[in-house]
Amino acid sequence: MSESQPQQPSPFHRSGNGSAVGAEAATLLLAGARLTDGRTVDVRLGGGRIQAVGTTGSLSSPVLARVDLSGYLLLPAPAEPHAHGDTALTADGDGPVSYAPDEVQRRATEAALLQLGHGATAVRSHVRIGDMHGLGPMQAVLQARRSLRGLADLTAVAVPRLLTGTAGADGLAMLRDAVKMGASVIGGCPDLDPDPTGFLEAVLELADEHGCPVDLHTDGDDPARLSRLAAMAGGLRPGVTIGPCGGLSRLPLDAATRAADQLAAAGVRVTCLPQGDCAALERRGLRTAPVRLLRAAGVRVAAGSGALRDAGNPVGRGDPLEAAYLLASQGGLRPAEAYACVSACAREAMGLPEVRVEAGFPAELLAVRGDRIAGVLSLAYSRIVIHRGRVVARTSAVREYCDSAVAVALDLPRQGRTEPGP
């Protein structure tokens with residue numbers, strides 16, 4: 001399998017990871033795209049939104065920039081609700097991980113671009129604050145957010161370690177400073193605080209004060225703690241998300257069901273990590289949250305990637321379509337349900353507007369070679385990523401076989417170069 005970069009529809013430069021970015025076109029025509037309902041359509045984009053969807057050829061104009069999507073399935077773009085940009089890409093390093101601001105910014109930027117190449121046009125990155133590094137990692141991730149503007153939307157979650165007792169006073173002050181700096185979500189791990197309930201109280205009070213969403217790490221293996229969280233979080237706006245909740249899968253079925261019912265009643269969302277844990281929690285067994293049980297109870301479940309080649313998962317890919325594949329292959333979800341967990345449900349968990357391939361909706365789209373979601377999740381190689389109405393990343397995979405009389409006789413499908421290779 002070799003990687004190539006086809007001709008782009010507008011001037012592009014390529015970043016070090018092979019993704020392509022370019023100058024925004026006023027209007028862009030996506031021609032011959034297949035939709036999940038089986039239709040083949042043209043889609044016109046402009047002003048960062050979908051302007052029109054029509055039958056093939058009905059929207060053509062000689063002045064439009066055009067991308068040929070014949071053979072591609074057009075989908076709402078995924079979003080990444082649970083990343084760790086400050087620690088990403090550190091698994092192969094020698095010695096201690098550097099948290100110098102320029103190093104954190106480089107890692108966070110490269111990680112977001114990798115995820116963008118997979119299709120995630122919006123990324124929520126959990127960033128540790130406190131200890132010896134203070135607010136340096138947060139400053140670096142916020143700088144990465146600014147440098148990525150126009151390519152991808154990066155938001156930062158402030159993740160303090162302790163918030164209670166004498167040691168927690170500094171953490172609470174730093175959390176307030178992180179919100180003032182630009183962290184738009186408040187996080188943390190109550191499981192690791194000596195007073196988990198006090199930690200929750202502090203987070204929820206600060207979130208209510210600033211109108212911030214809450215996104216907490218928890219293994220979810222303590223039914224009493226989950227019950228308290230649900231009781232305290234109910235009604236908080238703009239909402240509470242917890243994850244990865246792998247411990248729910250280790251609880252007895254009746255206890256897990258009661259916890260799911262309580263979370264649903266309180267409106268608490270869950271972000272699961274099908275590809276593995278993240279380094280923010282002690283590794284207690286790589287079990288994914290019981291997605292079917294949670295969904296049956298009415299809990300809104302999103303799926304994230306978690307660790308991207310760091311201590312939590314040294315081979316993490318940060319690919320939303322892999323998370324959806326695992327939910328479909330091992331989690332018992334239908335392919336369309338699995339994809340919704342990394343797209344519509346992930347966007348909802350992140351407070352982003354809904355995306356449909358219909359006029360008026362944001363032009364946040366992913367085109368993947370294939371004709372059905374099941375096939376896309378199975379062999380999602382070639383991808384074209386659209387953010388705010390323009391192509392921002394493109395990956396093209398070419399599969400070639402040697403000449404084979406058997407392949408010719410059976411008329412097997414083949415994708416390859418149209419001219420002799422070098």
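This chain uses plain numbering: 1 for the first residue, then up along the sequence.
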Between Arg309 and Glu110, is the closest basic N to carboxylate O distance under 4.0 Å? no
Using atom types as modelled and distance alone, determine if a side-chain donor or acceptor of Asp177 lies under 3.5 Å from a backbone N or O of Leu135. no
In the structure I gave you, are the side-chain heavy atoms of Arg269 and Thr271 within less than 4.5 Å of one another anywhere? no
With no hydrogens and no angle check, just 3.5 Å: does a side-chain donor-acceptor pair link Asp191 and Thr218? yes
Without placing hydrogens or testing angles, list every side-chain donor-acceptor pair under 3.5 Å for residues 331-346, not counting sequence neighbours.
{"unit_1": "Arg334", "atom_1": "NH1", "unit_2": "Glu337", "atom_2": "OE2", "d": "3.3"}
{"unit_1": "Glu337", "atom_1": "OE1", "unit_2": "Arg334", "atom_2": "N", "d": "2.9"}
{"unit_1": "Tyr339", "atom_1": "OH", "unit_2": "Pro76", "atom_2": "O", "d": "2.6"}
{"unit_1": "Ser343", "atom_1": "OG", "unit_2": "Tyr339", "atom_2": "O", "d": "2.8"}

As a quick check of understanding, evaluate side-chain contact (heavy atoms from CB on, under 4.5 Å) for Val67 and Val391, giving each step before the final call. CA-CA 9 Å; Val67 177; Val391 176; 4.1 Å; yes
Salt-bridge present (Arg161, Asp131; N to O < 4.0 Å): no
For Ala397, is there any backbone N or O sitting under 3.5 Å from a side-chain donor or acceptor partner on Ser382? yes
Quick one, Ile129 and Val159 - any side-chain contact, counting heavy atoms below 4.5 Å? no
To the closest 0.5 Å, what do you measure between CZ (Arg146) and OG1 (Thr109)? 11.0 Å
Report yes or no: does Asp193 contribute a side-chain atom to a donor-acceptor pair with the main-chain N or O of Leu163 at less than 3.5 Å? yes
Donor-acceptor pair, Ser98 side chain versus Glu103 backbone, under 3.5 Å? no
Nearest 0.5 Å, what's the CG-OG distance between Asp221 and Ser249? 11.0 Å
Keeping Glu80 on the side-chain end and Gln115 on the backbone end, is there a donor-acceptor pair under 3.5 Å? no
Using 0.5 Å steps for rounding, measure from the CG atom of Leu308 to the OG1 atom of Thr87. 8.5 Å
Within 45 degrees of the axis of the six-membered ring of Tyr99 and under 6.0 Å from its centre: does Arg107 put its NZ or CZ there? yes
Measuring only between side-chain heavy atoms, which start at C-beta, is Thr257 closer than 4.5 Å to Leu293? yes
What is the minimum heavy-atom distance between Ala264 and Ala297, and which atoms define it? CB-O, 3.3 Å
Is it true that a side-chain atom of His118 and a backbone atom of Arg317 form a donor plus acceptor pair closer than 3.5 Å? yes
For Gly370 and Val376, the nearest pair of non-hydrogen atoms, with its separation, is CA-CG2, 4.4 Å
Decide yes or no for Met138 and Met181: does some side-chain heavy atom of the first lie under 4.5 Å from some side-chain heavy atom of the second? yes
Looking at every non-hydrogen atom in both residues, tell me the closest pair between Ala108 and Val141 and how far apart they are. CB-CG2, 4.1 Å
Would you confirm whether Arg49, through its side chain, and Ala363, through its main-chain N or O, come within 3.5 Å as a donor-acceptor pair? no
How long is the straight-line distance from CZ of Arg287 back to CG of Leu273, given to the nearest 0.5 Å? 15.0 Å
Looking only at non-hydrogen atoms, find the nearest pair between Ser58 and Asp42 and report the distance. N-OD2, 4.1 Å
Could you please spell out the steps behind the side-chain contact (heavy atoms from CB on, under 4.5 Å) verdict for Cys272 and Leu327? CA-CA 10 Å; Cys272 67; Leu327 289 178; 4.3 Å; yes
Under the 3.5 angstrom rule, does the side chain of Asp310 hit a backbone N or O of Ala91 as a donor-acceptor pair? no
Considering only NZ, NE, NH1 and NH2 on the basic side and carboxylate oxygens on the acidic side, decide whether Glu354 and Arg347 come within less than 4.0 Å. no
For the side chain of Asn313 and the backbone of Gln275, is there at least one donor-acceptor N/O pair under 3.5 Å apart? yes
Has Phe199 got more than 12 heavy atoms of other residues, nucleotides or ligands less than 6.0 Å from its CZ? yes
Go through the steps to decide whether Leu30 and Leu365 satisfy the test side-chain contact (heavy atoms from CB on, under 4.5 Å), and finish with yes or no. CA-CA 11 Å; Leu30 308 178; Leu365 302 168; 3.9 Å; yes
Hey, is Arg250 close enough to Asp219 for a salt bridge, meaning N to O under 4.0 Å? yes
Option from Leu35, Asp371, Ile373 for which side chain to side chain contact (heavy atoms under 4.5 Å, CB included) with Leu73 holds: Ile373
Within a reach of under 6.0 Å around CZ of Arg237, are more than 12 heavy atoms found that belong to other residues, nucleotides or ligands? no
Val368 vs Ile384 side-chain heavy atoms within contact, under 4.5 Å: no
Tightest non-hydrogen contact, residues Ala152 and Leu116, listed as CB-CD1, 4.2 Å
Testing Arg124, Arg388, Arg145 one by one against Asp153 for a side chain to side chain donor-acceptor pair (under 3.5 Å), which residue passes? Arg388
Rounded to the nearest 0.5 Å, how far apart are SG of Cys189 and CD1 of Ile242? 11.0 Å
Do side-chain atoms of Thr27 reach the backbone of Gly46 as a donor and acceptor pair under 3.5 angstrom? no
Is there side-chain contact between Thr55 and Val41, with heavy atoms separated by less than 4.5 Å? no
Indicate the ring-plane relationship of His84 and His217, choosing parallel, tilted or perpendicular according to the 30° and 60° boundaries. tilted
For the residue pair Ile50 and Glu358, establish whether any side-chain heavy-atom pair is separated by less than 4.5 Å. no
Identify the heavy atoms of Ala367 and Leu74 that sit nearest to each other, and give their distance. CB-CD1, 4.1 Å
To the closest 0.5 Å, what do you measure between OG1 (Thr288) and CG (Leu326)? 7.5 Å
State, yes or no, whether a side-chain contact exists between Thr241 and Val185 at a heavy-atom distance under 4.5 Å. no
Hey, mind stepping through Arg34 and Arg39 against side-chain contact (heavy atoms from CB on, under 4.5 Å) and telling me if it holds? CA-CA 6 Å; Arg34 186 181 179 91; Arg39 290 181 294 151; over 6 Å; no
